[in-house]
Number of protein chains: 2
Amino acid sequence: MARWEPDARGRLEKAAMDLFIEQGYERTTVGDIAARADLTERTFFRYFADKREVLFSGSKDLEKMILDHIAAAPRDLPALDVLAAAYAAAGTGIEDRRAIEYVRARYALVTRHADLQERELIKLAGLTAATVGGLTARGVAAPTAALAAELGMAVFKLGFERWATSRTPRDFAGHVRAALADLRALAAAPPPSRRPRRA
Amino acid sequence: MARWEPDARGRLEKAAMDLFIEQGYERTTVGDIAARADLTERTFFRYFADKREVLFSGSKDLEKMILDHIAAAPRDLPALDVLAAAYAAAGTGIEDRRAIEYVRARYALVTRHADLQERELIKLAGLTAATVGGLTARGVAAPTAALAAELGMAVFKLGFERWATSRTPRDFAGHVRAALADLRALAAAPPPSRRPRRA
DNA sequence: ACGAGTGATGTCGTAAGCTGACATCAGCCC
DNA sequence: GGGCTGATGTCAGCTTACGACATCACTCGT
C-alpha cells in the first residue's frame with residue numbers, strides 16, 4: 001500500500017472546484033480546500049503557487065495542443081488560418097457533456113471574480129506569446145507573428161465567448177471560423193468610401 | 001493651515017513609485033509606502049483597493065479620453081479608424097520628456113512583475129469593454145463593436161509596444177497608424193491562393 | 001461664539017494568503 | 001539492515017487586506 005493517497009494535485013483541484021461552486025470562491029480558504037483533499041495548507045502551496053492557480057492547470061495542456069497544431073499546419077496556409085484551425089482543433093476536446101459542464105462552471109467562476117479573470121488574462125497573454133514563438137518557428141517574420149498572434153487571440157476569445165454563451169454549446173470550431181470571417185470582413189472594409197482618404 | 005498635508009493620494013502614488021524603483025516592487029511593503037508618504041498603512045487602503053492599484057490611477061483618465069475621442073469622431077468613419085484615431089490622440093499626452101520617463105519606468109515595472117501585468121491586462125480588458133460601449137453608442141452593432149474593440153486593442157497594444165521599445169520614443173500616433181495598416185494587410189491577405197478554399 | 005456634525009486620518013485586532021526551516025517516515029537501493 | 005529520497009506535516013512569521021471604533025481640525029447653523 002502506498003504511503004499516501006495518490007494524485008494529491010488532482011484531489012486538490014477537484015476539492016477546490018467543488019468548494020468554489022458550493023460556497024463561492026472568496027468564502028473558500030486554502031485551508032478548506034486542503035482539508036477536503038485530506039492534505040494541509042502547506043501542501044497546497046507546494047502544488048500551486050497561489051490560490052487562483054488551482055483553476056488553471058489546463059492552460060499548459062491547451063498551449064501544448066495549440067502549438068502542436070500550429071507546427072503541423074500546412075506550410076502554405078496564411079498565419080491567421082493556421083491559428084484559427086489550431087484553436088478550432090484544440091477546442092474539439094471540450095464538446096462532450098462532462099467537459100462542457102466543467103468548462104461552463106469554470107467560465108462562470110472566472111467571469112464573476114476579478115481575481116480569476118486577471119489570472120485568465122495573463123494565461124492568455126502567455127498563450128499569445130507562445131503562439132508568436134510557434135509562428136516564427138514556421139518562418140513567419142517576428143512583427144507579423146506578433147500581430148497575427150494578437151488577432152488569433154481575438155478570434156479565439158470571441159469564438160469561445162459566443163460558443164460558451166450559446167444555449168447549448170456545440171460546434172466550437174464553427175464559432176471560431178465565423179469569428180475569423182467576421183474579423184476579415186471588418187478589417188478589410190475601408191469605408192463605404194464616401195470621400196477619398198487624403199494622399 | 002490645513003489639518004493635514006494635502007493630496008494624500010498623490011503622495012502615496014509618488015512614494016510608491018519611488019520605492020518600487022529604489023528597492024523593487026516586492027521588497028516594498030504597503031507600510032513602507034505609507035511611511036514615506038507620512039501616512040499609515042490603513043490610510044493607504046482607503047485610497048487604493050490593493051497594493052497594485054497604486055500604479056493604475058491613470059487608467060481611468062485614459063479611458064475617459066478615449067471615450068471622448070470615440071464620441072467625437074466623424075460619423076462616417078469606419079470603426080477601426082475611429083479607434084486608431086482615438087488611441088493616437090489619447091497618446092499625444094505622453095510625448096514630453098517627463099511623461100516619457102514616467103511611462104517607461106512604469107512600463108518596465110509592469111513587464112517585470114506578473115502581479116502588475118495581471119492588473120494591467122484587466123485594466124485593458126475594461127478599456128476594451130468601455131470601447132464596445134462607446135461604439136454601440138455610435139450605432140455600431142454589438143457583435144461588430146465587440147470585434148472592433150478587440151482589434152482596436154491589438155492595434156493599441158502593438159503601437160504602444162513598438163513606441164515604448166524604440167530607442168527614443170516619439171510619434172506615438174504614427175506607431176498606432178502603422179499597426180493598423182499592418183493589421184489590415186495581414187487580415188486582408190487571404191492566401192496567395194494556390195488552391196481554392198472548399199465551398 | 002459655540003455646539004453639532006463631517007470627514008480624513010489613526011489605532012487596534014484579526015483573518016487569510018503565502019513562505020522558510022525543519023521534522024517525519026514509508027519505500028527503495030545497495 | 002542502514003542510509004537516502006521525496007512527499008507530506010508542523011511551526012513560526014510576514015504581508016495583505018479589512019472591519020470597528022477613536023480622534024480631532026474644520027465648518028456650518030443659529
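Reckoned from all heavy atoms, side chains included, excluding hydrogens, waters and symmetry mates.
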Can you confirm whether the side chains of Ser57(A) and Glu13(A) place a donor and an acceptor under 3.5 Å from each other?
yes
Ignoring hydrogens and angles, write down the donor-acceptor pairs under 3.5 Å from the side chains of residues 39-48 of chain B, residues two or more places apart or on other chains.
residue, atom, partner, partner atom, Å
Thr40(B), OG1, Thr43(B), N, 3.4
Thr40(B), OG1, Thr43(B), OG1, 3.2

Measure from CZ on Arg27(A) to C1' on dA16(C) and round the result to the nearest Å.
15 Å
Is Glu22(B) paired with Arg36(B) through a side-chain N to carboxylate O contact shorter than 4.0 Å?
yes
Please give, in whole Å, the distance from dG6(D) P to Trp4(A) CH2?
11 Å
For atom CD of Glu5(B) and atom P of dC24(D), their distance in whole Å
18 Å
List for me each residue that meets side chain to side chain donor-acceptor pair (under 3.5 Å) alongside Thr29(B), sequence neighbours excluded, and say none if there are none.
Asp32(B)
For the residue pair Phe160(A) and Tyr107(A), is the inter-centroid distance of their aromatic rings smaller than 6.0 Å?
yes
Under a 4.0 Å heavy-atom cut-off, which of residues 39-51 of chain A touch DNA chain D?
Leu39(A), Thr40(A), Arg42(A), Thr43(A), Arg46(A), Tyr47(A)
Could you check how far CD of Glu26(B) sits from P of dT16(D), rounded to whole Å?
11 Å
Residues touching DNA chain D, which here means a heavy atom under 4.0 Å, drawn from residues 7-16 of chain A
Ala8(A)
Distance to the ring centre below 6.0 angstrom and angle to the axis at most 45 degrees; does that hold for Arg106(B) and Phe56(B)?
yes
Who clusters with Met65(A)? Use side-chain heavy atoms, under 4.5 angstrom, across I, L, V, M, F, W and Y, and order the result by chain and number.
none
Going by ring-ring contact (aromatic ring centres under 6.0 Å, His included), name the pairs with one or both residues in residues 14-41 of chain B, residues two or more places apart or in two chains.
Phe20(B)-Tyr25(B), Tyr25(B)-His113(B)
Whole-Å distance between dT16(D) P and Leu116(B) CG?
12 Å
